[in-house]
Amino acid sequence: MARAIILLLDSFGIGGAPDAADFGDRGANTLGHIAEYCAAGLGDRAGLRSGPLRLPNMSSLGLVHAASLASGSIPPAMALNARPIGLYACATEVSNGKDTPSGHWEITGVPVTFDWGYFPEGAETFPLDLLESIYQQADIPGSLGNCHGSGTAIIEQFGEEHIRTGKPIFYTSADSVFQIAAHERHFGLERLYRLCEIVRKLVDRLNIGRVIARPFDGNSANDFARTGNRRDYSVPPPESTLLDRACRAGRMVYAIGKVSDIFAHRGISEVRKANGNMALFDTTLAAMQDAGDGSIIFTNFVDFDMHYGHRRDVAGYAAALETFDRRLPEIARKLRSGDLILITADHGCDPTWRGSDHTRERVPILCFGPGIPAGPAGIRETFADIGETVAHHLGLPPGKYGRSFL
């Protein structure tokens, strides 16, 4: 029986979204602009990488062809392979947002057709009545931040005061999210998780997609660093996803990294956590060794988004892509008869774009495995086609949205 392994490169967009202008993202192209900067020498960093962007394995699967489908142009200094060995396509998001849950849910067959709640920029980011309820129910003396901000900058700015006062740091972004940063030792990791559980219940009425625990460690602003104990508290998908269907059919669903959190732990058989892209890669290889027939392995490689996209770090993003690409043959060596490997993304986060938020873009679809035909699968009208393709491959019941391209 077949297996399916979904490798999601968080934020690896390839431009061309037809509604990008509605999100202020006309022209955003994560892959295209990284390639452009690298070709111009602007992606060089001593001791890290230099020169044009080199992704030979993904290119052999059809990445450059998919990028050309998406945006109508070839990423600079990246050549089209004459005959890609993978099945390639690009997909257009139809969900109302460009956030992580919307992208993941749509990939698994449930587009988000409602509007999330958001917190406005300005001096009163979080409503006063919400803050007072949090302080009372969580028994905390107050909070710091209460603004839009970048996670690394926010702990540098408020981390020392947080340690002195015991007040957690509250912040948000352009996504539907309430983020809480706190020191693992001084505030306590379990205490942070309990605080997030309280906030999760309080923001339900505001239709906020996620509450995220952002623990950090270190002794001062000079060495504060976020740890790998992040935890997302998401609302559950509004309908049955591919993962739900798989579990109901008695299949194993292995959630690697933050995938389980994104689905509110629904439709998941086994959770395997890891910190960092390469640890996530190793954990995926181990899951491929363990997973039986009919299983789904779903891995989110979060560093692309968290460490490089949001921080607008072109060189770091390029180096991370090249490292991932170099290790793809290890995945290929683990393939069994009937396996489908599917590489994709959930949105864009163009590191050359203004601000620090996600960008509305099409995403690549690269498929390979024994018996998977090579060639183009066109421009898919919804990310849901990805989930329906996996369902078709595994012999699972079809969902309401999307259609298989196998």
Side-chain angles (χ1 to χ4, degrees), residues 22-23 93-106 108-151 154 158 162 166-182 187-215 230-241 243-244 258-268 346-347 357-358 360 401:
D22 296 340
F23 294 82
E93 186 169 15
V94 298
S95 293
N96 288 356
K98 53 180 178 178
D99 54 277
T100 294
S102 294
H104 282 71
W105 295 358
E106 186 173 333
T108 56
V110 181
V112 175
T113 57
F114 58 84
D115 290 323
W116 294 108
Y118 299 93
F119 295 111
E121 293 193 56
E124 298 180 355
T125 293
F126 299 114
L128 183 59
D129 63 334
L130 172 62
L131 293 174
E132 292 296 340
S133 295
I134 295 171
Y135 303 155
Q136 181 179 7
Q137 293 190 30
D139 191 24
I140 55 175
S143 60
L144 303 172
N146 299 324
C147 60
H148 280 241
S150 163
I154 213 85
F158 295 106
H162 157 69
K167 297 178 180 180
I169 306 166
F170 293 171
Y171 65 106
T172 189
S173 69
D175 284 351
S176 179
V177 65
F178 192 119
Q179 304 192 78
I180 306 175
F187 190 84
L189 186 59
E190 293 303 321
R191 187 183 178 201
L192 172 59
Y193 291 160
R194 288 194 298 272
L195 172 58
C196 288
E197 290 168 0
I198 291 168
V199 175
R200 172 68 271 168
K201 293 176 182 177
L202 290 172
V203 299
D204 278 350
R205 62 182 174 83
L206 301 175
N207 205 27
I208 301 301
R210 287 180 295 164
V211 175
I212 304 179
R214 294 284 198 177
R230 163 185 171 156
R231 187 173 292 179
D232 293 42
Y233 297 81
S234 299
V235 295
E239 299 181 55
S240 179
T241 70
L243 310 185
D244 294 315
K258 70 176 187 176
V259 169
S260 180
D261 291 345
I262 295 167
F263 290 89
H265 310 286
R266 205 182 75 188
I268 307 296
D346 53 343
H347 50 70
D357 296 317
H358 295 156
R360 182 75 160 191
Y401 311 97

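Residue pairs meeting the side-chain hydrogen bond (donor to acceptor under 3.5 Å, both in side chains) criterion with at least one partner in residues 198-212, sequence neighbours excluded, are Arg200-Asp204, Arg210-Asp232.
Between Phe187 and Arg191, the closest heavy-atom pair is O-CD, 3.3 Å. Residue Val177 comes nearest to Ser173 through the heavy atom pair CG1-OG, 3.5 Å, listed as atom of the first residue, atom of the second, then distance. In terms of heavy-atom proximity, Tyr233 sits nearest to Cys196 at CE1-CB, 3.4 Å. Pairing each heavy atom of Ile140 with each of Phe170, the nearest pair is CD1-CZ, 4.1 Å. Residue Gly209 comes nearest to Ser176 through the heavy atom pair N-OG, 2.8 Å, listed as atom of the first residue, atom of the second, then distance. Between Pro168 and Gly142, the closest heavy-atom pair is CD-O, 3.4 Å.
Shown here are the side chain to side chain contact (heavy atoms under 4.5 Å, CB included) partners of Ala264, two or more places apart in sequence or in another chain: Pro236. When the side chain to side chain donor-acceptor pair (under 3.5 Å) test is applied to Arg266, the partners found at least two apart in sequence or on another chain are Asp244. Contacts of Asp346 classified as salt bridge (Lys or Arg N to Asp or Glu O under 4.0 Å), with partners at least two apart in sequence or in another chain: none. Qualifying side chain to side chain contact (heavy atoms under 4.5 Å, CB included) partners for Ile268, counting only residues two or more places apart in sequence or in other chains: Leu243, Val253, Ala255, Ser260, Val271. Listed by chain and number, the residues in a side chain to side chain donor-acceptor pair (under 3.5 Å) with Glu239 are Lys400, Tyr401 (sequence neighbours excluded). Applying the ring-ring contact (aromatic ring centres under 6.0 Å, His included) test to His358 and every residue at least two apart in sequence or in another chain returns His310, His347. Ala181 pairs by the side chain to side chain contact (heavy atoms under 4.5 Å, CB included) definition with Ile155, Ile169, Tyr171, Arg214, Phe216, not counting sequence neighbours.
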Show every donor-acceptor pair shorter than 3.5 Å between a side-chain atom in residues 110-120 and any protein atom, with sequence neighbours excluded, or say none if there are none.
from: Asp115; atom 1: OD1; to: Asn96; atom 2: ND2; distance (Å): 3.1
from: Trp116; atom 1: NE1; to: Asp99; atom 2: OD1; distance (Å): 3.4
from: Trp116; atom 1: NE1; to: Ser102; atom 2: OG; distance (Å): 3.0

Sequence neighbours excluded and cut-off under 3.5 Å, please list the side-chain donor-acceptor pairs for residues 128-136, or say none.
from: Ser133; atom 1: OG; to: Asp129; atom 2: O; distance (Å): 3.0
from: Tyr135; atom 1: OH; to: Ser143; atom 2: OG; distance (Å): 2.6

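Salt bridge Glu93/Arg360: present, at least one basic N to carboxylate O contact under 4.0 Å.
Put simply, the side chain of Glu106 reaches to within 4.5 Å of the side chain of Val94, judged on heavy atoms. A heavy-atom distance below 4.5 Å is not found between the side chains of Phe178 and Leu202. Using a 4.5 Å cut-off on side-chain heavy atoms (C-beta onward), Val203 and Phe126 make no contact. Two residues are said to be in side-chain contact when any heavy atoms from C-beta on lie closer than 4.5 Å; Asp175 and Pro101 fail this criterion.
Between Ile212 atom CD1 and Thr172 atom OG1 the span is 9.0 Å, to the nearest 0.5 Å. The structure places CZ of Arg231 at 7.0 Å from CG of Leu189, a figure rounded to the nearest 0.5 Å. Note that CD1 of Ile180 is 9.0 Å distant from CD1 of Ile198, once rounded to the nearest 0.5 Å.
Of the possible polar contacts, none joining the His162 side chain to the Phe158 backbone as a donor-acceptor pair under 3.5 Å is found.
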Q: Go through the steps to decide whether Gln179 and Ile154 satisfy the test side-chain contact (heavy atoms from CB on, under 4.5 Å), and finish with yes or no.
A: CA-CA 11 Å; Gln179 304 192 78; Ile154 213 85; over 6 Å; no
